[in-house]
2 protein chains.
Amino acid sequence: MGRKSTTRRIGIADVALKAGVSHATVSRVMNGNFTVDPAIAERVREAAAELNYQPNPVGRSLALGKTDTIGIVVPDLANPTFQAILRGLSMAAAQDGYRVLIADSSEVSSEEAILAGEARRRCDGLVLCAPRMGDAELEELAPSLHPMVLINRSTTEIRVPSLMVDYGQGIQELAEHLVELGHSRIVFLSGPERSASNALRVQGLEKFKAGHPDVEVQLIDGGSNFDTGHDAVDAVLASGGTGILAFNDLVAMGLLSGLHERGVRVPEDISVTGFDDIPFARYTTPPLTTAAVPITELGGQAWHSLRALIRNEDTPNAVNTFRPQVEVRGSTGPSKNR
Amino acid sequence: MGRKSTTRRIGIADVALKAGVSHATVSRVMNGNFTVDPAIAERVREAAAELNYQPNPVGRSLALGKTDTIGIVVPDLANPTFQAILRGLSMAAAQDGYRVLIADSSEVSSEEAILAGEARRRCDGLVLCAPRMGDAELEELAPSLHPMVLINRSTTEIRVPSLMVDYGQGIQELAEHLVELGHSRIVFLSGPERSASNALRVQGLEKFKAGHPDVEVQLIDGGSNFDTGHDAVDAVLASGGTGILAFNDLVAMGLLSGLHERGVRVPEDISVTGFDDIPFARYTTPPLTTAAVPITELGGQAWHSLRALIRNEDTPNAVNTFRPQVEVRGSTGPSKNR
DNA sequence: CTGAAAGCGCTAACAA
DNA sequence: TTGTTAGCGCTTTCAG
């Protein structure tokens with residue numbers, strides 16, 4: 001049992017021995033307990049310093065029943081959106097002395113439950129990011145994962161707060177923007193089928209259509225990355241649309257690049273919008289009109305919600321919705337057919 | 001002591017009780033020890049399943065002296081390079097059942113040692129990514145962090161393998177590429193001062209200069225992000241250079257954007273190169289000529305080196321150097337003054 | 001093949 | 001104020 005003895009690590013017992021006190025006293029000193037005689041405390045600190053003692057967090061975790069670590073499960077770490085959430089989460093958690101453990105499900109929805117469970121057991125709480133699993137599974141899983149916060153999904157389980165981005169609202173506003181520019185043939189380059197955020201966009205567009213019977217709205221199947229946009233050029237041109245709503249900024253960038261290769265001018269011939277406002281969006285040529293989502297802040301907010309849960313504070317709002325904000329840049333312009 | 005009792009978690013004891021056996025037997029069954037009577041094993045498994053028992057990893061870690069977790073310390077999680085390393089590391093480690101714990105030093109070099117120490121204690125090993133700390137500090141710290149692998153830095157400590165990217169080589173080749181296109185006035189838009197990888201680029205340029213006394217090479221102070229490039233437009237134009245080597249792709253993209261705003265054509269008026277070949281590089285307008293670094297693979301390699309260390313296998317190569325590969329795209333072209 | 005018991009490193013109740 | 005002791009949940013030796 002115990003560790004394979006290479007260079008035995010210094011433990012609390014070594015310090016106790018060296019300082020001529022008990023483990024308990026060393027523990028008290030290390031935790032800043034003031035009921036220790038200053039002289040003894042000093043002796044302990046000296047011993048600890050000489051031995052370069054650092055408490056073992058695993059032992060501490062076992063005794064305390066907490067790890068000061070939270071987990072995050074993402075579908076794909078290559079996705080800038082999840083990277084930004086991770087960053088916001090990690091920064092905010094670090095402020096409170098918590099670390100973040102990553103689990104990437106590689107878009108394999110069947111892996112999510114297992115990964116989430118494993119991560120949860122190692123951590124004090126969990127952030128489940130845009131899970132791809134079905135509603136029923138999510139519903140069933142949620143209680144066992146508590147404390148947990150959801151991003152871009154929701155449950156009926158009251159103890160699980162959700163942070164949602166109102167993609168429907170955002171896409172509607174982008175569509176309105178195109179209409180104001182005189183576009184009457186709009187194309188939505190949709191995202192991954194399993195993506196809940198794509199469903200929200202589609203819903204938003206339905207609402208939009210209801211309010212604009214005169215505007216033609218087409219839908220082209222797609223995905224969530226550069227290639228999706230790049231490969232969709234032909235379909236887009238064939239559609240005859242002049243205002244293109246890309247699923248996100250990546251898709252929009254791919255499309256921009258493809259259109260450029262074809263000699264199609266943006267925004268003179270075709271207007272293109274993205275979604276998310278990733279840092280790169282303002283540096284494309286032309287700069288991308290998009291709907292800005294404060295993703296990093298969302299990550300920070302996720303930590304604050306989770307922290308409240310962990311501390312057993314007042315239950316946070318069940319659902320916290322972030323509204324995207326349209327950023328008009330150079331990739332959209334007046335329709336030629338106005 | 002112990003956890004604050006909310007909904008007591010199921011432990012090995014509960015399973016033992018339910019199956020009418022001892023803890024030890026349950027442990028054996030859970031670990032696939034075949035010295036257990038099949039009938040009893042089955043009874044244990046049933047009990048475990050009914051109780052939905054999952055072993056507590058913290059207890060396990062304490063007993064085993066290992067956490068199945070590795071840590072990574074990065075200077076800035078917003079940097080695409082470190083994101084890619086993290087991703088490669090995380091994917092590779094997951095293959096072997098290891099999880100990754102993140103620590104972001106926010107470019108504060110004084111925090112690195114503390115973060116690294118803390119992370120190391122919670123984990124079985126550490127990846128230290130492009131640390132900003134001084135050589136002396138790194139040298140002193142290294143032994144206490146073992147097993148550890150370094151990225152883009154090295155130590156004399158033999159047990160610490162390094163994965164390095166040959167930035168000097170890469171920048172030299174990019175400069176050669178510009179010369180071949182007829183450029184004789186080259187400008188290097190340099191990176192952060194503390195960055196070791198910037199120093200390597202500068203060294204590479206020194207070598208280049210030695211081989212090309214006829215070529216003028218200027219150096220402009222900069223940084224590592226979009227804004228650096230965007231804000232450098234005036235200085236670049238004032239320099240009279242026609243071939244611009246940007247510190248990395250981000251800087252190059254910012255510069256591209258700034259030049260576009262000024263109406264300067266790329267590559268007709270000025271050629272621009274990046275470095276790293278981040279995914280966005282091929283989708284800029286024009287697509288960016290750059291030196292490709294297999295960053296995600298580097299992350300994977302980091303895990304393999306670390307794994308060897310953890311398993312106490314043969315000592316991996318002290319230094320493993322990755323050579324960037326020039327990707328010629330549309331942002332570089334013949335000099336007007338050829 | 002199984003159970004009792006020790007031990008991983010730490011915290012905290014309890015006694016002194 | 002300090003030490004003794006139990007216990008966090010697990011693995012593993014050692015008897016039986």
Side-chain angles (χ1 to χ4, degrees), chain A residues 1-44 47-48 51-68 118 120-124, chain B residues 1-44 47-48 51-68 118 120-124:
Chain A
M1 92 198 57
R3 78 183 54 262
K4 49 183 167 183
S5 58
T6 30
T7 343
R8 245 189 43 65
R9 278 269 272 272
I10 299 287
I12 202 171
D14 303 283
V15 181
L17 193 69
K18 177 152 192 146
V21 296
S22 69
H23 323 269
T25 298
V26 176
S27 173
R28 284 191 268 260
V29 172
M30 298 311 290
N31 292 314
N33 188 324
F34 288 113
T35 71
V36 179
D37 183 290
I40 299 197
E42 184 53 30
R43 216 166 66 216
V44 169
L51 294 173
N52 193 20
Y53 166 70
Q54 306 285 149
N56 178 333
V58 180
R60 204 156 190 279
S61 291
L62 189 59
L64 256 26
K66 69 194 202 94
T67 61
D68 292 340
E118 276 184 1
R120 176 61 188 82
R121 257 166 272 131
R122 294 184 135 73
C123 299
D124 299 344
Chain B
M1 88 197 59
R3 78 182 55 258
K4 49 184 166 181
S5 58
T6 30
T7 342
R8 243 187 46 66
R9 279 270 271 271
I10 300 286
I12 201 171
D14 304 282
V15 181
L17 194 68
K18 176 152 193 145
V21 296
S22 69
H23 322 271
T25 299
V26 176
S27 172
R28 285 191 266 259
V29 173
M30 298 310 289
N31 292 314
N33 188 325
F34 289 112
T35 71
V36 179
D37 182 288
I40 298 196
E42 185 53 30
R43 217 166 66 215
V44 169
L51 294 173
N52 193 19
Y53 167 70
Q54 306 285 149
N56 177 330
V58 180
R60 205 156 189 280
S61 291
L62 188 58
L64 256 26
K66 70 196 202 84
T67 61
D68 292 339
E118 276 184 1
R120 176 60 189 83
R121 257 167 272 132
R122 295 185 132 73
C123 301
D124 299 344

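A note on names: the letters A, B, ... follow the listed sequences, proteins ahead of strands, and every chain is numbered from 1.
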Which nucleotide in the list [options] gets nearest to the side chain of [X]?
X       : options               : answer
B:Val21 : D:dC10, C:dG3, D:dT11 : C:dG3
B:His23 : C:dC8, C:dG3, D:dT11  : D:dT11
B:Leu64 : D:dT4, C:dT11, D:dT11 : D:dT11
A:Ala63 : D:dG3, C:dC10, C:dA4  : C:dC10

Query raised in the report: Hey, is the main chain of A:Asn31 close enough, under 3.5 Å, to the side chain of A:Arg28 for a donor-acceptor pair?
Result: no
How long is the straight-line distance from [atom2] of [Y] back to [atom1] of [X], given to the nearest 0.5 Å?
X       : Y       : atom1 : atom2 : answer
B:Asp37 : B:Arg43 : CG    : CZ    : 8.5 Å
A:Ser61 : A:Asp68 : OG    : CG    : 6.5 Å
B:Arg9  : B:Asn52 : CZ    : CG    : 10.5 Å
A:Ile12 : A:Thr25 : CD1   : OG1   : 9.5 Å

Report task. Please report the closest heavy-atom contact between B:Val58 and A:Thr67, naming both atoms and the distance. Result -> CG2-CG2, 4.0 Å
Query raised in the report: Quick one: on DNA chain C, does B:Gly20 or B:Gly59 contact a more 5' nucleotide (nearest heavy atom)?
Result: B:Gly20
Query raised in the report: Only one of A:Val26, A:Val29, A:Val21 forms a side-chain contact (heavy atoms from CB on, under 4.5 Å) with A:Val15, so which one is it?
Result: A:Val26
Report task. Record whether the side chain of B:Arg121 comes under 3.5 Å of the base of C:dG9 through a donor-acceptor pair of N or O atoms. Result -> no
Requested in this report: For B:Arg122 and C:dC10, give me the distance from atom CZ to atom C1', rounded to whole Å.
Outcome: 13 Å
**Report entry** Interatomic distance, B:Lys66 NZ vs C:dC8 C1' [rounded to whole Å]
**Finding:** 14 Å
What's [X] touching, base or sugar-phosphate or nothing? Going by heavy atoms closer than 4.0 Å.
X       : answer
B:Ser27 : base
A:Pro55 : sugar-phosphate
A:Tyr53 : sugar-phosphate

Query raised in the report: Under a 4.0 Å heavy-atom cut-off, which of residues 35-43 of chain A touch DNA chain D?
Result: A:Thr35, A:Val36, A:Asp37, A:Ile40
Would you say a side-chain N or O of [X] is under 4.0 Å from OP1 or OP2 of [N]?
X       : N     : value
B:Asn56 : D:dC8 : no
A:Thr25 : D:dG3 : yes
A:Arg60 : C:dG9 : no

